[in-house]
2 protein chains.
Amino acid sequence: MELSCKSEYALLALLELTAHYDEGEPLQIRQIAAQQNIPDRYLEQLLATLRRAGLVRSQRGAKGGYLLGREPWKITLLEVINCIEGLDSQPSEVMREPKSVEGMVVREIWQEAGRAADAVLQKYTLKDLAEKRDARRQLDIMYYI
Amino acid sequence: MELSCKSEYALLALLELTAHYDEGEPLQIRQIAAQQNIPDRYLEQLLATLRRAGLVRSQRGAKGGYLLGREPWKITLLEVINCIEGLDSQPSEVMREPKSVEGMVVREIWQEAGRAADAVLQKYTLKDLAEKRDARRQLDIMYYI
DNA sequence: AGTATACCCCGGTTCTCCACTGGGGTTTTG
DNA sequence: CAAAACCCCAGTGGAGAACCGGGGTATACT
């Protein structure tokens with residue numbers, strides 16, 4: 001399980017949108033990028049991908065920005081990484097055909113392992129992640145005292 | 001879960017060694033490479049790595065070659081991929097520190113997903129893989145008739 | 001002994017992909 | 001109408017994967 005920079009940035013950005021979900025006002029790319037230490041021009045591309053998948057909504061023009069496309073407890077981590085990592089990694093898997101029986105069997109095991117990992121990512125939502133973060137923050141304060 | 005070329009080659013080679021495990025005579029790189037369509041000079045490097053980890057034994061000189069280091073049912077797929085993929089991928093994970101609380105939480109979830117995938121790879125041994133291959137071969141024959 | 005056949009070690013090369021940057025648009029608010 | 005934001009497309013630099021090659025060393029067979 002490799003966590004690509006892309007996926008991490010996307011999750012951090014969505015987590016930031018989750019934190020401000022109740023306010024109902026859009027968050028700007030600049031603010032998200034500054035808060036999470038993400039290159040803003042790069043984040044722009046990721047948000048565009050997330051928008052096409054409906055995970056975020058955008059509001060154009062001055063005072064514009066981004067909002068979550070759905071409630072935070074209805075967006076799973078699996079959706080996010082499938083959206084971000086999905087399109088370009090699938091053709092590379094398809095193009096190299098297993099060509100031998102051994103290859104087929106190996107692939108099947110790999111798919112089983114992948115499904116096991118996906119199951120974990122599917123049971124967590126953005127809300128879960130935000131709650132975990134809050135709990136972690138409380139812990140940090142206690143240790144500080 | 002990406003299956004790298006390296007890992008697949010290593011598994012196919014070990015599977016070939018498993019098939020000839022009872023004979024007790026070493027298999028040469030050339031034979032393995034030809035049988036599984038692997039570039040032989042590349043396979044050489046992978047076998048060297050597997051040898052340093054004790055997963056295979058080598059016999060030098062004429063009539064030399066490679067043998068499994070242990071019984072096929074005592075080698076798990078997880079060991080193999082950790083051996084092959086392990087050393088160079090870990091420093092890249094360590095070097096980028098999470099730096100934010102959000103980053104930490106995301107990493108933890110990712111590790112949980114990784115452990116779920118590893119659990120699958122750990123429950124399969126080379127013997128299991130060889131049996132799966134044989135069962136698949138039988139199926140192919142039945143469909144052919 | 002000598003030679004052919006294997007493994008062994010180290011380095012280089014090519015190619016692809018990721019992370020990132022930049023230039024120009026278009027839409028909306030004030 | 002101008003500033004602020006999103007939008008689209010294209011390019012670049014570096015790292016790593018896949019692969020190739022040269023030269024060495026150990027061992028079996030004759």
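Below, read A as the first sequence line, B as the second, and so on, with proteins coming before strands; counting in each chain starts at 1.
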Which of the following nucleotides, D/dC19, D/dC7, D/dG21, is nearest to the side chain of B/C5? D/dC19
Separation of D/dA5 C1' from A/I32 CD1 (nearest whole Å): 12 Å
Between D/dG23, D/dA28, D/dC6, spot the one nearest the side chain of B/R41, thanks. D/dG23
Yes or no on side-chain hydrogen bond (donor to acceptor under 3.5 Å, both in side chains) for B/E108 and B/Q111, after CA distance, side-chain angles and deciding distance? CA-CA 5 Å; B/E108 284 170 8; B/Q111 284 174 9; over 6 Å; no
From C-beta outward on B/K6, which listed nucleotide comes closest to its side chain: D/dC7, D/dC20, D/dA18? D/dA18
Any chance CZ of B/R70 has more than 12 other-residue heavy atoms, nucleotides or ligands included, within less than 6.0 Å? yes
d(CD, A/E2; P, C/dC17) in whole Å: 14 Å
Distance, rounded to the nearest Å, where A/I84 contributes CD1 and C/dC18 contributes P: 12 Å
B/Q59 CD to D/dA26 P: how many Å, rounded? 15 Å
Any donor-acceptor pair under 3.5 Å between the side chain of A/Q45 and the base of D/dC7? no
I need the OH-P distance between A/Y66 and D/dA4, as an integer number of Å. 18 Å
Is the number of heavy atoms from other residues, nucleotides or ligands under 6.0 Å of B/R30 CZ greater than 12? no
Under 3.5 Å, is there any donor-acceptor pair linking the side chain of A/E44 to the base of D/dC7? yes
Closest listed nucleotide, where the reference is the side chain of B/P39 and the choices are C/dG22, C/dA19, D/dC20: D/dC20
Using a cut-off of 4.0 Å on non-hydrogen atoms, how would the nucleic acid contact of B/I29 be classed: base, sugar-phosphate, or nothing? sugar-phosphate
Within the pair B/S58 and C/dC8, is there a side-chain N or O less than 4.0 Å away from OP1 or OP2? yes
Gap between atoms CD1 and P, on B/I38 and D/dA17 respectively (whole Å): 18 Å
Salt bridge (charged side-chain N to carboxylate O under 4.0 Å, His left out), that's the test. Do B/R107 and A/E8 meet it? Break it down for me. CA-CA 9 Å; B/R107 298 290 172 93; A/E8 183 169 7; 3.2 Å; yes
Out of D/dA5, C/dA19, D/dA18, which has the shortest distance to the side chain of B/S4? D/dA18
Quick one: which of C/dT29, D/dG23, C/dA19 gets closest to the side chain of A/Y42? C/dA19
Which part of the nucleic acid, if any, lies within reach of A/R57 when heavy atoms closer than 4.0 Å are counted: base, sugar-phosphate only, or nothing? nothing
Hey, are B/R137 and A/E102 close enough for a salt bridge, meaning a charged N less than 4.0 Å from a carboxylate O? yes
What is the distance, to the nearest angstrom, from the OH atom on A/Y9 to the C1' atom on C/dT21? 13 Å
Distance test, side-chain N/O of B/R52 to OP1/OP2 of C/dC9, below 4.0 Å: yes
For the side chain of A/K63, counting heavy atoms from C-beta on, which of D/dA18, C/dC20, C/dG30 is nearest? C/dG30
Among D/dA18, C/dA6, D/dC7, which is the nearest nucleotide to the side chain of B/Q28? C/dA6
Tell me which one of A/T125, A/L126, A/V120, A/L14 satisfies side-chain contact (heavy atoms from CB on, under 4.5 Å) with A/L77. A/L126
Would you kindly give the CG-to-P distance between A/D40 and C/dC20, to the nearest whole Å? 11 Å
Closest nucleotide of DNA chain D for A/R51 versus for B/S7: which of these residues is on the 5' side? A/R51
